[in-house]
Amino acid sequence: MSRVVVGPFNRVEGDLELTLDIEDGVVREARVSASLYRGFEQLLLGRPAEDALVIAPRVCGICSVSQSLAAAAVLRAAQGTEPARNGLIATNLAHAAENIADHLTHFYVFFMPDFARAAYAERRWHDAAQTRFKAASGSALREALPARARLLETMGLIAGKWPHSLAFRSGGVTRALALGDEMRLFALLADFRGFLERVLFAAPLEQIIALDSADALERFAEGDRAAGDFAFFVRIGRDLRLERIGRGPGLLMSSGAYLCPEGHFLPAGLLDARTGALRPPPLQAVEEDVSHSFMRDTAGDPARAETLPDIHRPGAYSFAKAPRLEGRAVEVGALARQAVAGHPLIRDLLARQGASNVFARIVARLLEIALLTQAMDEWARSLRRRERFCTPDAPLRDGDFAGFVEAARGALGHWASYRGGEIARYQIIAPTTWNFSPRDASGQPGPLESALQGLEVGGEGASSVALQHIVRSFDPCMVCTAH
Amino acid sequence: MTTADDFTLLWLQAGSCGGCTMSVLERGGAGWLEELRRFRIRLLWHPSLSEETGAEARAILGRVERGEEKLDALLIEGSVLRGPEGTGRFDMLAGTGRSMFDWVRTLAPRADYCVAVGSCAAFGGVPAGAPDPTDACGLQFSANEIGGALGADFRSRAGLPVVNISGCAPHPGWIMETLAALALRRFTGADIDAFGRPRLFADHLAHHGCSRNEFYEFKASAEDVSERGCLMEHLGCKATQAVGDCNQRAWNGGGSCTQAGSTCIACTSPGFEATRGFHHTPKIGGIPVGLPLDMPKAWFVALAALSKSATPARVRENARSDRVTRGPAPSAEKKTGAEKKR
C-alpha cells in the first residue's frame, strides 16, 4: 500500500488536495480535502440581516448569483414578502445565464483539455482533441470565451455587473427592464443560441432536448450532423467507456431550481439511481458531521450549528463539513436536477449503469445548457413591461429561517437566525460540500471519495487521467465547499 | 512559439472566491487567452486554465522559486490568510505542504512586478472583515494600513510596490490593461496612487458618468430599492467617495452597479468590508456622514438645499419610480426657437 498526495489539483474552482491509498494499482481509499477556510459564517454574525446580500455572494465568484439568491430567499422567508412576478423572471434569466456560463466554462476550460493530454496520443481522435481543446490554447476557446462573455451581458442588463451584484432582493431585482433592454436581451440570447447551434451542438437546441435515450444520443453523435463539440465528446466518452468510471453514491438530490410564478422550472426531488424511486427531499433532515473536519463539535442541524475551526482536531483532513441526508451521502448537480426532473435521456444513462457516472454528468450539463437557453427565451418573452420588478422590503421577523436554490453545481442552502434584525447564526451548505465531503463519524465516505474507490490506476498512480476525469466530472467548486 | 522575450505571468489564488479570474475571462474579442498572446504574455501557470496539475504544477513553481524560470509578473488573487497563529494553515497550497502565506513571501521577490488582483489581495477584502477569523490581509496593506503580508518596504525587482488592482471583482479591463502596460514596459511608479492602485481607473470616482447624475444634481433621491433616484442620500451609495471609472466603461456589455439600481459599496476602497448596513446612509442631523470626496460640508449642505428647491417635477417624480414615468418633453420656448431657425 502506498499513500500519494495529489495537488494542487487544478482546473477546478479553488484549491483541492487528494490523498490516495493505492495497492496493486487500485485506489483502495481516497480522502478529499478542502484546504482553504475563510470563515464566511463567522464574518456574517452580528451584522444587519440585509448585509448578507453583500457578504454571502462573495463566498464564490463563480456562482455569486446563486449565493445572492439563497441569501435573498432566507430574507424573503423572514419578511414574508411576495416577490414581484417580473422580479422572479428577471432573477431566473440572470441565474440561468450564470449557470450556463459555469457549465460552458467547465466543459471547455476545465474538462475537455484532459483529452488533449499526451497520455491519449495513441487514440485516433487525439490530434483533433489537441487542436480543439488543448488547455489555454485550443481553438475552441477563441469561440467559447467570447460566447460566454456575450451571454453574461445578461448581467449587465439585469444585475449591473458580474460577479458580485447587489441587484437581487427578497422582492425581486433592483432594475426594471425597459423596452430597449428587452430587445437587447433578445439579441444577445439569439447570438448565444447561434453559438450553441453552430459550435457546441451543431444542431438545433430542440434536437438536443429531444434526445430521449442513450441510443438516440449515440445515433446523434455518429450521424452526419455530428460536427459539434458535444458529439465529439460523446464519441470520446464512448471510446474511453467513461460511463464505467466515477460511480456516485446512489442518491441524487435537487432542491428545486428557477422559481417561477407557477412553481419551480426544475422540481425538487430525491432520486434513488438504483431503484428509480423518487420522493420530495426531506431538507429538514439535513445534518452536518464534523468528525473529519478541522472544526469544533457543534449541532448537526444547520439551523443550530456554528462554524468554529480547530486546526488540531485529531483525524481531521478537510475544512469541509460532511452534510448527510438521513445519514446518507448524496450527489447533487445538473445530473441530479435532470434525473429528478425525469429527462428520458438522463434517466436512461443512469438506468444502464445503475448509478451516476462521468459520462452522464457531462451529458447532463450540456443538455441543461440547451434546456436553459430555450427557457431563457421563453422567460424573456413573458416579462410584463407595465408591472413591477421588485416589491418593497417588509419588516424582518426574528426567528430561524432557511432558503434553498440550485447553483450550477447543485443544491445550495442557507440557514439563518435573526435576533433584533441582526444575524445570530448563519450556515451555508454548498453543492460541493455535498459532493466532496469528507468521511462522517460512521466512516461513510463522501461522494467523490467513494467514486474514486476501486479505480484502477495501474502504474500511473496519481497521474492517471481517469482520476482527472472523475474528479472534474463533478465540476467541483472548492471555494464554496468550506467557505 | 514562445520566446525568451515573452512576458511571463504566474497567477496564484490565495484566500479567494475565484471571482477575479471569472471577471478577466470576460475580456477580449477572441477571449482573454488570445488577448494575452497578442501582448506576448505567456501564462506560466494559472490554477483554472493550465494543463499542468499536481506534480507538473509543483515543478513549475519549483523552477520559479529556484530562479530557473524568469518571472515577469506574479499575480495573486485572494487575501493572504496568516492564521491560525501566524501559521498560514487556513490556506495551504494543495500538494505542497506549504501555506500560501509562505508561497507569496517566497515568490514575490522573484518577480519583476507583483500584482494584487482584487480588493482581497490588495487590502484583505471581505475575509478581513470583523471578526477577521483567519487574520487575513492584502499583499502590502491591511485595510488602509501599509504592511500586509510582504511589508511596507517591499519592492518587486523592477522597484515598484505591489500594484493593487482593487475591486470586488475588478473590471476585466482594469486587470488586462494593467497587465498589457506592464508587459509593454510602459507602466511606472507614477501610474499608481497612494494605495498602489493603477491610476488608469483610480483617477476617477465611481460617481463620474453615473446615469443618475441628474437626480444627484437635484438631490432627488430614491427612498426604496428599485427606484430611479439618486442612491446616496438614503440607500448607502458611496460612488462619490470611491475610486473607479465604473460608470465610464461598460460592465458586462453595458451595466454598472448604480445603473442597475445597486448601491456602490466602495469595493475599490481599502476596508470597504467594515461597513455595517450597506444599504442605509448613516446621517447626523439629517445630513449624510459620508460626503463626496474633497467637498466642504457647508457647501454641500447649501447646494443640496438650493438644488432640492429647484428640482423639476419630472425629476422628482421619476426619482421615486422604478421606471421613467415622465420624459423630458421639450419646452414651448425651445420649440419656438427651432421653428425660427427654419
Side-chain angles (χ1 to χ4, degrees), chain A residues 5-11 13-17 35-39 42-43 47-48 50-51 54-55 58-62 64 109 113 117 135-137 141-142 145-146 149 152-153 155-157 159-167 169 174-176 178 311 388-390 392 462-463 468 479, chain B residues 13 15-20 22-23 25-26 28-34 43 47-51 53-55 57 81 84 89-96 126-127 129 131 133-134 136 168-169 224-226 250-257 259-263 265 276-279 322-323:
Chain A
V5 177
V6 191
F9 202 110
N10 78 325
R11 271 179 292 115
E13 299 292 3
D15 217 6
L16 167 67
E17 184 172 278
S35 53
L36 167 67
Y37 173 78
R38 289 163 298 158
Q42 292 175 274
L43 291 163
R47 283 183 175 273
E50 214 186 28
D51 280 3
V54 176
I55 303 296
R58 287 169 164 87
V59 165
C60 180
I62 299 104
S64 79
V109 181
R117 282 182 167 275
S137 62
L141 293 169
R142 288 199 289 274
L145 290 177
L152 287 171
E153 291 184 11
M155 301 302 177
L157 284 169
K161 66 152 184 152
W162 184 87
H164 304 328
S165 162
L166 279 175
R169 310 283 308 188
T174 52
R175 181 162 191 263
I311 198 75
R388 294 187 63 93
F389 280 70
C390 197
S463 57
Q468 310 282 323
V479 300
Chain B
Q13 291 173 331
S16 111
C17 74
C20 300
M22 289 296 107
S23 174
L25 282 180
E26 293 160 13
W32 183 53
L33 293 155
E34 197 60 36
L43 264 183
S48 308
L49 304 170
S50 298
E51 178 171 301
T53 192
L81 310 185
R89 284 190 62 189
F90 282 132
D91 183 15
M92 301 294 282
L93 180 59
T96 68
V126 166
T134 59
C168 188
D224 280 324
V225 289
S226 89
W251 295 73
N252 298 104
S256 77
C257 289
Q259 206 216 359
S262 315
T263 282
I265 58 170
R276 291 180 116 68
F278 285 94
H279 295 89
D322 69 345
R323 65 204 69 201

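Residue numbers start from 1 in every chain, and the chains themselves are labelled A, B, ... in the order their sequence lines are given, proteins ahead of strands. Keep in mind the model is a prediction, meaning the values are calculated, not measured. Only heavy atoms go into these numbers, but all of them, side chains included; no hydrogens, no water, no symmetry mates.
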For chain B, which candidate among A/L36, A/V479, A/L152, A/L145 shows the most heavy-atom pairs at distances under 4.5 Å? A/L36
For the candidates B/C20, B/S48, B/G261, B/P131, which exhibits the highest count of non-hydrogen atom pairs separated by less than 4.5 Å from chain A? B/S48
A/R117: which residues meet the salt bridge (Lys or Arg N to Asp or Glu O under 4.0 Å) condition with it, sequence neighbours left out? A/D114, B/E56
Test your reading of the model: is there a side-chain donor-acceptor pair from A/R47 to the backbone of B/R276, 3.5 Å cut-off? no
Largest heavy-atom contact set with chain B, pairs under 4.5 Å, which of A/P48, A/S35, A/S463, A/G14: A/S35
Sort A/Q42 into side chain, backbone, both or neither according to what part of it lies under 4.5 angstrom from a heavy atom of chain B. both
Polar side-chain atom of A/D15 near backbone of B/D91 as donor-acceptor pair, under 3.5 Å: no
Under a 4.5 Å heavy-atom cut-off, does chain B meet the side chain of A/L16, its backbone, both or neither? backbone
Report the C-alpha distance between B/H279 and A/R169 in whole Å, list the side-chain angles of each, state the deciding distance to 0.1 Å, and finish with yes or no for side chain to side chain contact (heavy atoms under 4.5 Å, CB included). CA-CA 12 Å; B/H279 295 89; A/R169 310 283 308 188; 3.3 Å; yes
For A/A462, is it the side chain, the backbone, both, or neither that has a heavy atom closer than 4.5 Å to a heavy atom of chain B? neither
Name the region of A/P163, side chain, backbone, both or neither, that has any atom closer than 4.5 Å to a heavy atom of chain B. both
Set of salt bridge (Lys or Arg N to Asp or Glu O under 4.0 Å) partners for A/R58, sequence neighbours left out: none
Taking all non-hydrogen atoms of both residues into account, name the closest pair between B/P84 and A/I311 and its distance. CG-CG2, 4.0 Å
Highest number of heavy-atom pairs under 4.5 Å with chain A among B/C168, B/G28, B/G254 belongs to B/C168
Where do A/L166 and B/T263 come nearest, in terms of heavy atoms and distance? CD1-O, 3.6 Å
Could you tell me whether the side chain of A/I55 reaches within less than 4.5 Å of the side chain of B/F278, counting heavy atoms only? yes
If you count heavy-atom pairs under 4.5 Å with chain A, which of B/S226, B/G253, B/A169, B/A250 comes out on top? B/S226
B/S23 versus A/K161: any side-chain heavy-atom pair under 4.5 Å? no
Go through A/L157, A/L43, A/V6, A/L141 and name the one with the most non-hydrogen pairs under 4.5 angstrom from chain B. A/L43
Per-residue contact mode, A/V109 against chain B (heavy atom under 4.5 angstrom): both
Which atoms of B/L93 come close to chain A, meaning under 4.5 Å heavy atom to heavy atom: side chain ones, backbone ones, both, or neither? both
Toward chain A, the part of B/Q259 with a non-hydrogen atom under 4.5 Å: both
Heavy-atom pairs under 4.5 Å with chain A, option from B/D322, B/T134, B/T53 with the top count: B/T53
Nearest heavy-atom approach of B/A260 to A/A159 is CB-C, 3.5 Å
Pick one of side chain, backbone, both or neither for A/A167, based on which atoms fall under 4.5 Å of a heavy atom in chain B. both
Compare every heavy atom of A/A135 with every heavy atom of B/E51, then report the nearest pair and how far apart it is. N-CB, 3.4 Å
Between B/S50 and A/R11, the two heavy atoms sitting closest are O-NE, 2.8 Å
Which one, B/T96, B/L43, B/L81, B/V126, leads in non-hydrogen pairs under 4.5 Å with chain A? B/V126
Could you tell me the separation between the CD atom of A/E13 and the SG atom of B/C17, rounded to the nearest 0.5 Å? 9.5 Å
Considering non-hydrogen atoms only, spot the tightest contact between A/A176 and B/R323 and give its length. CB-NH2, 4.2 Å
Keeping A/R142 on the side-chain end and B/G31 on the backbone end, is there a donor-acceptor pair under 3.5 Å? no
Using modelled atom types and a 3.5 Å cut-off, is there a donor and acceptor pairing between side-chain atoms of A/T174 and backbone atoms of B/V225? no
Sort B/L49 into side chain, backbone, both or neither according to what part of it lies under 4.5 angstrom from a heavy atom of chain A. both
